[in-house]
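Counting convention: from 1, in listed order, for ligands and their atoms alike. Side chains included, hydrogens not; waters and symmetry mates left out as well; all remaining heavy atoms used.
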Amino acid sequence: MLDVQIHKQFPEFTLDIAFSVKPGLTGILGPSGCGKSLTLQALAGVLKPDNGKIIMDGETWYDSQRKIHLSPQQRQTGYVFQSYALFPHLTVAENIAYGLKGRPREEIRSSVSDWLDLIKLRGFGQRYPGQLSGGQKQRVALARSMITEPKLLLLDEPFSALDQHIRRQLEEDMLRLLGEHYNGIALLVTHNIEEAYRLGENGMLFSEGKVLQQGDRSDVLTRPKSIAAAEILGIENIFPSEFLQVEAPGALSIGEAAFTSPKDHASPQGIAVHAHHLRILRETETNLPNQFTATVERIIPGVRQGMIHVTIGGVSWRIVAEDTSRYQSGDTLTIHIPQDALIPLAP
Ligand SMILES: Nc1ncnc2c1ncn2[C@@H]1O[C@H](COP(=O)(O)OP(=O)(O)OP(=O)(O)O)[C@@H](O)[C@H]1O
C-alpha cells in the first residue's frame with residue numbers, strides 16, 4: 001500500500017496531492033500541467049515537497065514533521081520516462097544491469113540474460129541505445145527499472161513517443177511483464193484513457209494539482225463524479241446545471257427533453273452521457289422510455305466510427321455512429337437514451 005499526502009508551493013502552481021493505492025497498476029490521467037510528473041518526481045525522491053507524508057508498505061519515505069526524506073537511492077523506485085533515458089555510452093546489457101551494481105557477477109549476468117529474453121531482445125545485449133528503435137529502447141528502459149524489483153514503478157508516459165502499432169505492442173509486453181514478474185505498485189501517467197483502462201486495474205484523475213477521483217478503473221474512467229472529471233475523460237455530452245431542471249426524484253429535463261432518470265440521483269448539478277450510450281432506433285422500435293426525436297446538425301466521419309451532432313429538446317448532443325454515410329444534416333432520427341446512461345455530476 002502506498003499512502004501519499006504531499007503539498008508543494010511553486011510561484012505559479014500548487015501541488016496538493018493525497019491518495020492511497022494498492023499493489024497493481026493504477027493509471028493516472030489529467031490535462032497537461034496538472035502535476036502528474038511533479039507527483040512522480042516527489043515519489044521518486046528527486047523533488048522534496050514542502051510538507052506531507054509518503055508511506056510505502058509501512059516504511060516512511062518522506063515525513064516533513066519527522067524530518068525524514070529518503071534519497072532516490074534509498075527508495076529504489078523504478079522510473080521510465082517518455083524520452084528514453086538510457087545511458088548512451090553503455091551497452092544494452094550494461095544499461096539493464098545498472099541497478100544491480102555490487103551484486104555477484106554471475107548473478108548479474110544471468111539476471112540480465114533472463115531480462116533480455118523477457119523483453120524479446122536476446123542477441124541485442126552488446127548493442128548501444130543509438131542502435132535501437134524507439135520501442136526497443138523503451139523495453140530496455142522497462143527491464144532496467146524492473147530488474148531491481150522495486151516496490152514502486154513510476155511510468156511517465158512511456159509510450160507517448162511511439163507510433164500506434166509499436167505502442168500497442170509495447171503495451172501488451174508491459175501487461176505481460178507486470179502480470180508475470182511484478183508484485184509491487186505501478187503508477188502509469190498517460191493522456192490516453194483507453195490505455196489507462198487497458199493497463200490499469202485502478203484509475204486516478206488529476207486536475208490543477210489535486211486528485212479529483214480515484215478507485216476502480218471502470219468507476220473512475222467511465223463514471224465521473226464531477227464536471228471537471230467528465231471533461232478530463234472527454235465525455236462527449238456534458239450538461240451543467242443551467243441545462244437541467246430536476247422535477248422530482250426520477251424525473252429531470254435536459255433542455256426541453258423530459259427524462260426518466262434513476263431515482264437515487266440526489267439533485268445532480270450536472271449530467272454526463274457517453275456518446276456511445278445513445279442509440280439510433282429503427283422505425284420498428286418505438287415506445288421505449290427516454291425516446292426522443294432528434295435533428296441531425298453535423299456529421300463527422302471516422303475510420304471505425306464517426307460522430308453525429310444532433311439537437312434534442314433544443315440542446316446539442318453527440319452520438320457515436322458506425323456508418324455515418326447513412327445520415328445527412330437535416331435528417332430526423334429517433335434516439336433512445338437509457339436512464340442508466342445519465343451520469344449525475346457534482347459541480
Ligand atoms: N521546477 C518547477 N518550478 C516551477 N514550476 C514548475 C516546476 N516543474 C513544473 N512546474 C509547473 O507545475 C505544473 C505541473 O507540472 P507537471 O510537469 O507535473 O505537469 P504534468 O501534469 O506532468 O503535465 P504534462 O502532461 O504536460 O507532462 C506546471 O504548470 C509546470 O509549469
Side-chain angles (χ1 to χ4, degrees), residues 2-21 25-54 56 61-62 64 69-72 75 77-86 134-135 137-138 141-142 145 150 152-164 166-167 170-171 174 185-200 202-215 217 220-221 224-235:
L2 171 65
D3 292 300
V4 178
Q5 189 258 307
I6 48 173
H7 180 91
K8 177 134 184 118
Q9 186 67 52
F10 293 95
E12 296 183 11
F13 184 77
T14 307
L15 188 71
D16 199 4
I17 295 291
F19 63 81
S20 296
V21 283
L25 193 143
T26 296
I28 300 179
L29 275 172
S32 195
C34 69
K36 305 180 296 293
S37 297
L38 289 176
T39 301
L40 296 203
Q41 288 165 22
L43 293 172
V46 292
L47 174 81
K48 189 174 178 188
D50 297 334
N51 55 63
K53 279 184 193 179
I54 300 174
M56 168 55 106
W61 282 5
Y62 172 70
S64 52
H69 183 237
L70 297 197
S71 69
R75 300 183 192 196
T77 55
Y79 211 149
V80 180
F81 305 88
Q82 166 185 353
S83 53
Y84 326 105
L86 300 177
K137 282 185 206 167
Q138 281 309 61
L142 194 59
S145 64
L152 179 61
L153 195 52
L154 303 166
L155 308 163
D156 197 349
E157 301 194 52
F159 310 115
S160 57
L162 305 172
D163 66 37
Q164 199 61 27
I166 303 292
R167 195 174 174 134
L170 189 66
E171 255 188 38
M174 188 183 273
I185 292 173
L187 300 180
L188 169 76
V189 168
T190 173
H191 280 106
N192 184 321
I193 182 172
E194 292 291 338
E195 196 168 276
Y197 196 91
R198 282 195 292 271
L199 291 170
N202 297 297
M204 227 186 307
L205 304 180
F206 275 40
S207 172
E208 297 177 0
K210 289 194 163 57
V211 177
L212 274 186
Q213 202 174 326
Q214 62 167 309
R217 70 172 161 197
V220 174
L221 302 179
K225 291 205 163 84
S226 60
I227 290 178
E231 284 171 352
I232 292 172
L233 297 177
I235 296 189

Please examine the side chains of L38 and K8, heavy atoms only from C-beta on, and report whether any two atoms are closer than 4.5 Å. no
Answer yes or no: does atom CD of Q214 have more than 12 heavy-atom neighbours from other residues, nucleotides or ligands under 6.0 Å? yes
Quick one, list the residues around ligand 1 where some non-hydrogen atom comes in under 4.0 Å, by chain and residue number. F10, F13, P31, S32, G33, C34, G35, K36, S37, L38, E157, H191
Plane angle bin for F13 and F10 - parallel if under 30°, tilted between 30 and 60°, otherwise perpendicular: tilted
Measure the shortest side-chain to side-chain distance between D16 and Q9 over non-hydrogen atoms and say whether it is less than 4.5 angstrom. no
Does a side-chain heavy-atom distance below 4.5 Å link L43 with T77? no
Tightest non-hydrogen contact, residues T39 and F19, listed as CG2-CE2, 4.0 Å
